[in-house]
Each structure stands twice: as structure tokens, then as C-alpha cells.
Amino acid sequence: MTDTLNSLPPDPIYDRREQIRAITAKTLRRRSRMSQLFTWALSMSLVIALIPLVLVLFTIVQRGGSDLSAAFVTKLPQVPTIGQQNAIGGIANAIIGTLIVAAMAAAMAVPLSLVLGLYLVEMDTRLSRIFRASVEILSGIPSILLGVFAYIFIVLPEHHFSAFAASVALALLMTPVITKSVETAIRGVPDTVTEAGLALGARRSVVARRVVLPAARAGIITGTLLALARAMGETAPLLLVIGATFSQTWDFNPFHAMSALPLLTYSYSGSAFPSQHRAAWGVALVLVLLVLILNLTSRFISARLSRKAQM
Amino acid sequence: MSDGHDAVGNNPGVLKESSITPVLQLRRVNVSFSGRVAVRDVSFDVAPNKITSLIGPSGSGKTTILRSLNRLHDLTKGAKVDGDLLLDGVDIYKGGIATMLLRSRIGMVFQRPNPFPTLSIYDNVVSGLRFNGVRKKSLLDEAAESALISAALWDSVSSRMKVHASTLSGGEQQRLCIARALAVEPEILLMDEPTSSLDPVSTQRIEELMTELKNRVTMVIVTHNMQQAARVSDDCAFLLMADDRAGELIEFGPTDKIFHDPSDARTLDYVHGRFG
């Protein structure tokens, strides 16, 4: 076949085609070597990055797994005595405390973030630039300072610790994160969809509420749940304001002092009783499980909603 | 175009052409997305240096088939292509050819002109070559000139090769995209409704261009415009969506036959605009 080819008059296009193919093939060989090298290097990096995660999870399950029982998550804590050193009771009120604080924080942060995110996308004004800068600065503030803020402006005037003060601190922590994900999700909605709504004579607010926000819901919900999971594990903002780490009573009043899982882990791990010391791992495991459930839920919801959006 | 090319283009029997320009063969091709079948059991051949058109109503799988020919579905999560897709007798999905090499042999022009927005006209045309590692200035210049001439754009842009591609009109941008695809010297060019976002004058120019390009590349074109398929294509595949929403090939044959004497009554109805 090659002989026949060569006997035909030279053709610039086919000549060039041959040249280009030869260079492409050479490039491809070089790249596939590089590609193998990089794939290997990245896999190694992944393994290295996973080692701490696996070790942490393994240690928590290994040391905390034995504590995990129905009583541990449903009973109130007890203070061990000299006679009954292992009687530490459960951590039910800390679970309730964490859930109440997280729910209140979400109730404050989500509406605020929705409005903020929408405003940042839809408006380009001096005010929106100030908001954007504020949100960015807020996200950079050390979380303990948010606790200090809640302490000065809520705990001091009220003269007592409260779950409400803790939730305000967490809401401040969550707001920039959720705002960012709301903004990203809304920017992902094609302009043509917004324009279609406006072209029907709808007001911008109506288009935002009825068209844009629903189209962006998967991203918004995912962002919210991830921010919530993150906030639930925070210790620093609660430290100064929640007040009742060693509480041994039920209390569902959000304006009273409460206990919370991350703080309980912190307090138990510094305890003088070996039994409480050990229980710190159990508390940590419960916290990890709660966060895991939130993460899985957010993945499930976003997968479901984005599949629905395709159909 | 020099006479030498025309001689090759007008004589499909010449060995040079048949040995260099490969034929695409589809054998029982299925494409599914996350388990939902989008294209079922499609088989046809693409003849060298001809234009093969894919026609059919929306959802009949035309674009899905086109995009399976250069493995663009690889980018879609959950997408799966079964069956045999042979380029020059080599299965393009079963490890016979590297995807990057495949895509340099089977170029693509999209529905909307999509020149790279930050690059100049020249840089756009030679971008494919540069991506594939071509550095030699003389080769780049030569390929750019040849591609722009073939895309009927050389006369209007040769004096302003350094300006941004975004300054061109829609029709010119689409011809730039054709030139960009041609510069890599593909053997096959896939065109997904290449004129659907263009005005009638630009459309006519692109159609003329396609006919002229036949001696340089084999083309597969998806079109919603029945007249366009009748005007430019040599062979024609007619597809319909089955009850389960999967696209099926109803009839394949020379365009003349499909438009004037189809074997299937549904083809006749469709080409006469009775549905779809």
C-alpha cells in the first residue's frame, strides 16, 4: 500500500496530515508516560492524605465503640463517686443540646444567607460590595472570637449562659459558608432561565423566588447541611457561652444553659475520673456519627435533586 | 483547492483516497445514560469523502450518535456506549486507539460557534495543533493558511490574524471553528447542527463550504433542516424515538432515495413534513 501511495503525486494536505499525525503520536507517547507518573504521584498523595482520617476514625471507633449503648445515648450523665467510679451515666442532654443549638443556628443563618447570597448575585451596588467584603471578613474571624461576641452581647446583658447565645455564635460561623454556597448555586442557574421569567412580565423578586431559588436548591441544601455539620463539631464558639457542660438534668429551654457534645468531649478528656476520660471517646464517636449522617443526607439530597432537575 | 485534490475527490475508487481516508462503521451501537437507553441498535456506514446526514425529530438520538463517534460521551458521568464503532476497521472504544489521537482524526464543529474567547484568530486556528505538540512555525502557518482558505475565511482575515476571534460575526466565527477543526487535518469532521444559530446567508456559505470540503474530509452532519440534508448530503440516516424514548435508526441510504423513494412510510411522512 505504501508503494502505491508513494507513486502518486505528492499532496500537500496528505503530507501535512502525515506530519501532524507523527507529531501527535510522539506527543501522546510522552504524555502517557507523564500521565502515568502523575497518576501514581497523585494516588500516593491521596493515600497520604487519607492516613490521618483513617487513623482518627479507627481510634475513635476502637476506643469509643465500647461506650456506645442505648443507655449512653438516652440517659443523663452521672458524676462518678469513689464507690462507683464507672457510673458515668449517658450523654442524652448533650446530644439534645447540640441538636437544639444547631437547629437554632440554622434557623438564623439560612434565611440570612439566602437573602445575602441572592443580593450578592442580583445586585451590583456599593452596598453589595460592602456586604461581600463583610462576608469574606466574617469567614476569616477565629471562631473563639464569635464566642466572645456572643458572650459580650448576649451572656453579659442577660446575666446567664444560654444555648441561644451559643447558636448565635454558630450562626455567625455558618453564615459566610452558606452565603457562599447560595451564591455559587444561584450563579449556576443559566441567565436564559431568569430572562425567560422576566420576559413573562414577572418581577425580579418573583423570578428569584419561583424560578431561580428552586433551580438552585440542590446546591443550597447541600451547602447548608455541610455548614451545619461543620458547626456542630465546633467547640470554641460554645466554650464561653453555653455554660452547662456538666449539667445532669434535662432542659429544653433554649434560653437556659445547656451541654453540647464537642464541649463534653473536651471536658471529659480533662477529667480526673478514668471512666469519664474513657467516655470522651464515646462522646466523640456520637458526634462523628451525627456529622456523618448529615454529610450522607446532603449527598443523598443533592444527588436526588440534581437527577430530578435533569428529567 | 488545487486540481490534484479534485482528482482524488472525484474518483472515490482511487486507492490513495480509500487507503488514507477511513470509513466509519457502526454496528449495533447502543448509547445509554445512567441505564436509560438513548440510542438503540444503530448500524450504518460512513463512506469516505461523502457527507452523511443524520435527520429525525428532537430526541431521536442524532446528536447522541454523533458525539459517540469521537467519544465525547466519555465526559458524561453514567454514559455508556456498546456495540462496535470502527474507524478504518479499528474499534475506537475497545482500546484500539488512544482517545486523544482519535479526536485529532475525527474533528468536531458544534451547534453554536465556540471560538476560544481570549485567543486571536491565528491562535484559534492553530490551537488544536499546539495542543497536540506541534511547535514548528512553518507547519503551523502552512496549516492555518490552508485551513482558513478551505473555510473560505482567508481573504477576510489574512490581514488581521492577531485580532481577537470574538470580533468576527457569528457566521465568520463558525467558519473559524471549521478552520480550527480542519487545521488538525482530521479525516472525519462531525458537525452538530452547524448552521442552526446562523442567518440564511451564512448558512448558505457554510453549505457551499461543506460541498467543497468533501475532497479534504469525510463529514457527518446532524441537521434539523430537511432541505439542508437534501442539498448537501450524499447519504442519509433517518432516526425516530421509540415508545420507550430510545432513538432508533429507521432507514439509511443514499439521500436521493431517502427523500424521493424511501422504503419506510414513516421516512416519507417525515421528509414531507407530515410530523416531527
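What you see is a predicted model, and the numbers here were worked out from it, not measured in a lab.
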Evaluate whether atom [atom1] of [X] has more than 12 neighbouring non-hydrogen atoms of other residues, nucleotides or ligands under 6.0 angstrom away.
X	atom1	result
A/Met34	CE	no
A/Arg230	CZ	no
A/Arg210	CZ	no
A/Arg129	CZ	yes

Open item on the list: Does any part of the side chain of A/Thr24, heavy atoms only, come nearer than 4.5 Å to the side chain of B/Leu101, both counted from C-beta?
Closed with: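 Yes, close enough: below the 4.5 Å cut-off.
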Task: Part of residues 136-143 of chain B lying next to chain A, heavy-atom separation under 4.5 Å - done: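 If one takes a 4.5 Å heavy-atom cut-off, the residues of residues 136-143 of chain B near chain A are B/Lys136, B/Leu139, B/Glu142, B/Ala143.
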Task: chain A neighbours within residues 106-130 of chain B, where any heavy atom lies under 4.5 Å away - done: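 If one takes a 4.5 Å heavy-atom cut-off, the residues of residues 106-130 of chain B near chain A are B/Leu129.
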Open item on the list: Let's go through A/Arg21 and B/Arg105 carefully: what are the C-alpha distance in whole Å and the side-chain angles of both, what is the deciding distance for side-chain contact (heavy atoms from CB on, under 4.5 Å) to 0.1 Å, and is it a yes or a no?
Closed with: CA-CA 8 Å; A/Arg21 288 294 176 276; B/Arg105 290 178 64 184; 3.2 Å; yes
Open item on the list: Could you walk me through whether A/Arg17 and B/Glu187 satisfy the side-chain contact (heavy atoms from CB on, under 4.5 Å) test, starting with their C-alpha distance in whole Å, then the side-chain angles of each, then the deciding distance to 0.1 Å, before giving a yes or no?
Closed with: CA-CA 9 Å; A/Arg17 187 175 282 173; B/Glu187 290 128 87; 3.5 Å; yes
- [ ] Side chain from CB out, backbone as N, CA, C, O: work out which of these in B/Ala147 comes under 4.5 Å of a heavy atom of chain A, or both, or neither.
- [x]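 Neither part.
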Open item on the list: So, taking the atom named CD in B/Glu185 and the one named CD1 in A/Ile20, what distance separates them when rounded to the nearest 0.5 Å?
Closed with: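 Answer for the CD-CD1 pair, B/Glu185 versus A/Ile20, is 5.0 Å.
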TODO: Tell me, for A/Arg30 versus chain B, whether the close heavy atoms (under 4.5 Å) come from the side chain, the backbone, both or neither.
DONE: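 Neither; nothing under 4.5 Å.
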